[in-house]
*Asks:* 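Questions regarding the structure given below will be posed in turn.
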Amino acid sequence: KKLKDDAKMIEDSLFALSKRVVELESTINREISAINNNMEKTINFMEDRQIPMAAARQQYVMTSINNLALLFDEVLQQMQKQAQQKPGEGSCDKPGGNGKPKAGMGSIKKMQKQLQKQLEAMKKAMEKGNKPGGKKPGDKEGEGMGMPGGKGMSESLAKMAAQQAKIRQALNKLSGGSPGLNGISKMMEQTETDIVNKRITQRTINRQKEILTRLLESEKADREREWDEKRESKEGKNQVKGNPELFFEYNQQKEQEVDLIKTTPPNLNTFYKKKVTQYFQKINQ
């Protein structure tokens, strides 16, 4: 409960940051919501003496915290690189620039393939450790015999979970809202959950193989699309465009409603929720 209360101050700071940096807003709000939800459920499960369920929810909390840590670490590195760049340098192909191109589907596919091999090796090691007399990853000399894995296994799993999260974030940047790539991202998220909960099964390995297959298909489709666009000539068409003011007004109203929902604390009773809603409505007017 104290951890949950202490996290409130960090939550307020991150929420303020998300308002200033639009690119981070959706990720920060999603992870904060997951942290609060799982912390609340952890407390409830502990009150009911359901220790395994509480431990599982704590793992989910750590997953969201790790995702935020990776996000901010990546942003910090980018800021440091930008600060160190000299005039004429950059990540473009213009004269005077010597920046490198962004990581594309090829590098994502390569990282995913490496992670798949690591997971297969970890699965075999965990199965060997579960056998009588077997030695689990991270066990010291003299350990094994069905005893829980040591610190080494936990560190290896944490690194693999962080690696999968990094690959997923790179894919999300590349996806551009593509339904196919979004489906792959959700599968990667399921793998992260399996790794965090030390639940690497054949189903996890099969999912990784399917992710790799879909990445290959997506890369092939992109190449074919690029080839078609180069060769295909398109006839000019007159398009009837609607009123853009109505479109922007609708989007603005929608964003205000979403912000209103996010800023209304869920643990308030009906009377205070109504008061908060009226308050934000008056501000928007």
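What you see below is based on every heavy atom in this structure, not just the backbone, and it leaves out hydrogens, waters and symmetry mates.
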*Asks:* Run the side-chain contact (heavy atoms from CB on, under 4.5 Å) test on Asn38 and Thr63 for me, step by step, so that the C-alpha distance in whole Å, both residues' side-chain angles and the decisive distance to 0.1 Å come before the verdict.
*Replies:* CA-CA 11 Å; Asn38 287 308; Thr63 300; over 6 Å; no
*Asks:* Atom CD1 of Ile108 and atom CZ of Arg168: how far apart are they, to the nearest 0.5 Å?
*Replies:* 12.5 Å
*Asks:* Please find the pair of heavy atoms, one from Ile200 and one from Met126, that lie closest to each other, and give the distance.
*Replies:* CD1-SD, 4.2 Å
*Asks:* Nearest 0.5 angstrom please: Thr193 OG1 to Tyr60 OH, how far?
*Replies:* 5.5 Å
*Asks:* Supply the atom-to-atom distance Gln190 CD to Ile211 CD1, rounded to the nearest 0.5 angstrom.
*Replies:* 8.0 Å
*Asks:* So do Met53 and Lys41 actually touch side chain to side chain, heavy atoms under 4.5 Å?
*Replies:* no
*Asks:* Consider only side-chain heavy atoms of I, L, V, M, F, W and Y, link residues closer than 4.5 Å, and tell whether Leu17 and Ile65 are in one cluster.
*Replies:* yes
*Asks:* Crowded around Lys166 NZ? As in, over 12 foreign heavy atoms under 6.0 Å?
*Replies:* no
*Asks:* A side-chain contact here means heavy atoms from C-beta on lying under 4.5 Å apart; do Ile195 and Thr204 qualify?
*Replies:* no
*Asks:* Rounded to the nearest 0.5 Å, what's the gap from CE on Met188 to CG on Asn172? Could you check?
*Replies:* 8.5 Å
*Asks:* Flag the pair Glu210 and Arg214 as a salt bridge only when some basic side-chain nitrogen lies within less than 4.0 angstrom of an acidic carboxylate oxygen.
*Replies:* yes
*Asks:* Should we count CZ of Arg199 as having more than 12 external heavy atoms under 6.0 Å?
*Replies:* yes
*Asks:* Would you name the heavy atoms of Asn197 and Ala56 that are closest together and state the gap between them?
*Replies:* OD1-O, 4.3 Å
*Asks:* Evaluate the criterion side-chain contact (heavy atoms from CB on, under 4.5 Å) for residue pair Met122 and Glu127; output intermediate values, then yes/no.
*Replies:* CA-CA 9 Å; Met122 177 61 75; Glu127 288 175 349; over 6 Å; no
*Asks:* CG/Leu119 to NZ/Lys124 distance, rounded to the nearest 0.5 angstrom?
*Replies:* 12.5 Å
*Asks:* Under the salt bridge (charged side-chain N to carboxylate O under 4.0 Å, His left out) criterion, do Lys159 and Glu155 qualify, and how do the steps go?
*Replies:* CA-CA 6 Å; Lys159 287 179 181 178; Glu155 289 180 353; 5.5 Å; no
*Asks:* What distance do Asp73 atom CG and Asn66 atom CG have between them, rounded to the nearest 0.5 Å?
*Replies:* 11.5 Å
*Asks:* Looking only at atom types and distance, does a side-chain atom of Ser33 sit under 3.5 Å from a main-chain N or O of Arg30, one as donor and one as acceptor?
*Replies:* no
*Asks:* Do Gln50 and Arg57 have side chains that approach each other closer than 4.5 Å (heavy atoms only, starting at C-beta)?
*Replies:* no
*Asks:* Does the pair Arg207/Asp194 count as a salt bridge with the N-to-O cut at 4.0 Å?
*Replies:* yes
*Asks:* Stepwise, does the side chain to side chain donor-acceptor pair (under 3.5 Å) test hold for Gln208 with Gln164?
*Replies:* CA-CA 11 Å; Gln208 292 299 95; Gln164 182 66 90; 3.3 Å; yes
*Asks:* What is the minimum heavy-atom distance between Lys4 and Asn36, and which atoms define it?
*Replies:* CE-O, 4.3 Å
*Asks:* With a 4.5 Å limit on heavy-atom distance, are the side chains of Val196 and Leu157 in contact?
*Replies:* no
*Asks:* Identify the heavy atoms of Leu70 and Ala165 that sit nearest to each other, and give their distance.
*Replies:* CD1-CB, 3.7 Å
*Asks:* For Val61 and Ile35, work out which heavy atoms get closest and say how close.
*Replies:* CG2-O, 4.1 Å
*Asks:* Sort out for me which residue in Asp6, Asp5, Asp12 forms a salt bridge (charged side-chain N to carboxylate O under 4.0 Å, His left out) with Lys8.
*Replies:* Asp12
*Asks:* For the hydrophobic clusters of this structure (ILVMFWY residues joined by side-chain heavy atoms under 4.5 Å, transitively), does one cluster hold both Leu3 and Ile10?
*Replies:* no
*Asks:* Does Ile167 share a hydrophobic cluster with Leu212, counting links as ILVMFWY side-chain heavy atoms below 4.5 Å and allowing steps through other members?
*Replies:* no
*Asks:* Hey, any chance Met39 and Met46 share a hydrophobic cluster, counting ILVMFWY side chains that come within less than 4.5 Å of each other, even indirectly?
*Replies:* no
*Asks:* According to a 4.5 Å side-chain heavy-atom criterion applied to Ile, Leu, Val, Met, Phe, Trp and Tyr, with indirect links allowed, do Met62 and Ile43 form part of one hydrophobic cluster?
*Replies:* no
*Asks:* What are the two closest heavy atoms between Glu31 and Asn67, and how far apart are they?
*Replies:* OE2-ND2, 3.3 Å
